[in-house]
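First up is the structure itself, then whatever we jot down about it.
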Amino acid sequence: MKGTANGRDVRPLTLTAAQARKSPRAPIAAAGPEVVEGVVEVVRSHAALKRATDHCRECPIGEHATQSVCGEGPRKAGIMLVGEQPGDQEDLAGKPFVGPAGKLLDRALEQLGIPRAQVFVSNAVKHFKYELRGKRRIHKSPTQREIAACSHWLENEIALVQPALLVALGATAARALLGKAVPVMANRGQILEREDGRKVLITLHPSALLRVLPPDREAAWHDWLHDLSRINPH
Ligand code: URA
């Protein structure tokens, strides 16, 4: 079955029984206890993904964000870097990794001779989650349920980009990409394989580097570059 809903391309996607049980969309799928198929929206272009995620209210985060922030980069890229969720600046700009963490990521890519314009940069969660302190919007980590609710959008994006290598920047991205908790420090610099065969390089989120205090900062930076040096852009 193919069609459009609210002007968006949709087509059926078969969920495994485990996915159907885990998905917050399960009520759509679960007409009965044996139901293992559901209809979730699959979009076929980056523009459609942006429109669909802008309207997404499968979890409460979207309602308070300015807009969704989808990935950016070549439509087909060999490398896809995945962070946690957009921050304050990304939420306003509608672009991933444009704030302090993004600047650090840019520096690392530059040192490794990987032009940012050649990689696709995205996030596990497409909306900014925050709490208000006075007028300041302070980052709040997404819950497992929120990460799970967003995972079909991330998978949709991966299906569009078709990267040879995914890079999980931090624990949220690793969980979203591998479908389970992955201890980042124990696995950093390692390339793990997903059930679909796609490879995932595990490393720290740039925000973690920003929190390292000066005596250890230099070493942390070099260790991070060492992890990221496993990216082969060619
Ligand atoms: N942190 C992230 O994980 N993603 C961004 O886009 C910005 C900060």
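First listed ligand is number 1; within each ligand, the first listed atom is number 1.
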**Study point:** Nitrogen or oxygen atoms of His205 and ligand 1 under 3.5 Å apart
**Key:** yes

Check your understanding: Looking only at non-hydrogen atoms, which of Gln89, Glu90, Glu84 approaches atom 7 (C) of ligand 1 most closely?
Key -> Glu90

**Study point:** Side chain to side chain, Val200 and Leu178, heavy atoms closer than 4.5 Å
**Key:** yes

Review point. Under 3.5 Å between some N or O of ligand 1 and some N or O of Phe97?
Key: yes

Point to revise | Proximal atoms of ligand 1 relative to Gly83 (non-hydrogen, under 4.0 Å) | key: 3 (O)

Check your understanding: Nearest protein heavy-atom contact for atom 2 (C) of ligand 1: which residue, which atom, what distance?
Key -> Gln85 O, 2.9 Å

Practice item. Indicate yes or no: at least one non-hydrogen side-chain atom of Arg116 is less than 4.5 angstrom from one of Leu81. Key: no

Check your understanding: Would Glu155 and Arg194 pass as an ion pair if we require N to O under 4.0 Å?
Key -> yes

Practice item. List the atom of Pro96, the atom of Val69, and the distance in Å for their closest heavy-atom pair. Key: N-CG1, 3.4 Å

**Study point:** Protein contact to atom 4 (N) of ligand 1 [nearest heavy atom, distance to 0.1 Å]
**Key:** Asn123 OD1, 2.7 Å

Point to revise | Sequence neighbours excluded, every pair satisfying salt bridge (Lys or Arg N to Asp or Glu O under 4.0 Å) that has a member inside residues 218-234 | key: Arg188-Asp227

